[in-house]
Amino acid sequence: MNEESTIYDVVGVGNAIVDVLGKVSDRFLVERKLKKGSMTLVDAKTAGLIYEDMDPEREVSGGSVANTVAGLASLGDDCAFIGKVYDDEFGQNFRRDIGAAGIDFDTPPLKKGPATGRSIVLITPDAERSMFTYLGAATRLSPEDIDENIIKVSRYVFLEGYLWDSEGGKQALLRAAELAHKHNRKVVFTLSDASCVVAHRSELMKFLQDYVDVLFGNESEVKVLFEEDDFVNALDKIKTMVEIAAITCNARGSVVVNGRIKTFVEAENVRDVVDTTGAGDLYAAGFMHGLVNGKTLGMCAMIGGIVAGEIITHYGARPEVSLRGLIRKRLMAYTQNV
């Protein structure tokens, strides 16, 4: 890879979504027959009904890969983002927020069609998040929105599995992966959600085999992907498909698979978990920061864990402190204790 010709460390391609967060009881979900603990796609009417019944506390720019590049920017890395919003209030807020984070976002907004996508994130007392997502304008992302010049000058091209839920998004994702290979760039992919893996398993398997260099996911997603009840067996199947796989295991930490080598890293000790929204996205940000800066895979996973540990201490999936300063402080403490 020709590093001299790069401008961005990472370009993310994903759904541009505004997260609407609110605290609810488990009873709230049961009474409305809402599925807990995963992402469910809904239409505009259903999203509106849930919104009317909840008490919104925060509205923040979100989206899986958008959260990851925001984390990377907070860590000091140079990033760009490709995604689709409508030219409405939510879309303008998204563009303003991502620009304020220091991320280049030049995808033209929609002038006609569905409104900017939003994800209603309902947080129960156990800190579990249940997402009900209206994709809206995000579904209008197309191959024409994938700027070859941006792909060409990015070291890593980070793609999200959620794009597979719309035909335009899937084609845009495939276009980005093709261009990445054309220009000898690394393709990074996150599985996003177990329900997404179930819906598109056969296509995802082929995509991983053909394009992906670095894979992110969690234990349940990987087990579903390989139709394995045994996590260890699933990990063994990963090693022949991608160069690096970083798999999170909730409170048990994460495991990195690199060929025949598996590296297990403990999770951060977080006393008060407030909201798990974005934990996987920010783990990926920390891991990629380490990878971009030439750290060992074990150290990449450690940085990912530190960043994920910060994000679950407050509401929302965007960092509330300088992640760069946090990592410097934590790693300094770690080296002093070794």
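This chain uses plain numbering: 1 for the first residue, then up along the sequence.
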Which residue, Tyr156, Phe207, Tyr211, forms the ring-ring contact (aromatic ring centres under 6.0 Å, His included) with Phe189?
Phe207
Do you know which two heavy atoms are closest between Thr6 and Ser154, and how far apart they sit?
CG2-C, 4.4 Å
For Thr116, give me all partners under side-chain hydrogen bond (donor to acceptor under 3.5 Å, both in side chains), at least two apart in sequence or on another chain.
Asp88
I need the full list of ring pair (Phe, Tyr, Trp, His ring centres under 6.0 Å) pairs touching residues 255-284, with sequence neighbours left out, sorted by first then second residue.
none
Could you go through residues 132-140 and list every donor-acceptor pair under 3.5 Å that involves a side-chain atom there, pairing it with any protein atom two or more places apart or in another chain?
from   : atom 1 : to     : atom 2 : distance (Å)
Thr133 : OG1    : Ser119 : OG     : 3.0
Thr139 : OG1    : Gly136 : O      : 2.8

Does Lys223 come within less than 4.0 Å of Asp229, counting only side-chain N to carboxylate O?
no
Return the minimal non-hydrogen interatomic distance between Met241 and Phe226, and the atom names on each side.
SD-CE2, 3.4 Å
Can you name the residues that form a ring pair (Phe, Tyr, Trp, His ring centres under 6.0 Å) with Phe94, not counting sequence neighbours?
Phe81, Phe105
Assess whether a salt bridge exists between Arg27 and Glu31, defined as any Lys/Arg side-chain N lying under 4.0 Å from an Asp/Glu carboxylate O.
yes
Starting at CE of Met54, measure out to CD of Glu57 and round the result to the nearest 0.5 Å.
8.0 Å
Side chains of residues 285-294: which donor-acceptor pairs under 3.5 Å do they make with residues two or more places apart or in other chains?
from   : atom 1 : to     : atom 2 : distance (Å)
His289 : ND1    : Asp77  : OD1    : 3.3
His289 : ND1    : Asp77  : OD2    : 2.7
His289 : ND1    : Asn293 : ND2    : 3.3
Asn293 : ND2    : Asp77  : OD1    : 3.4
Asn293 : ND2    : His289 : O      : 2.7

Check the hydrophobic clustering (I, L, V, M, F, W, Y; side-chain heavy atoms under 4.5 Å; chains of links allowed) and say if Val270 and Met302 are grouped together.
yes
Only distances under 3.5 Å count here; give the side-chain donor-acceptor pairs of residues 242-250 to other protein atoms, sequence neighbours excluded, each with its distance to 0.1 Å.
from   : atom 1 : to     : atom 2 : distance (Å)
Glu243 : OE1    : Lys186 : NZ     : 2.9
Thr248 : OG1    : Gly217 : O      : 3.4

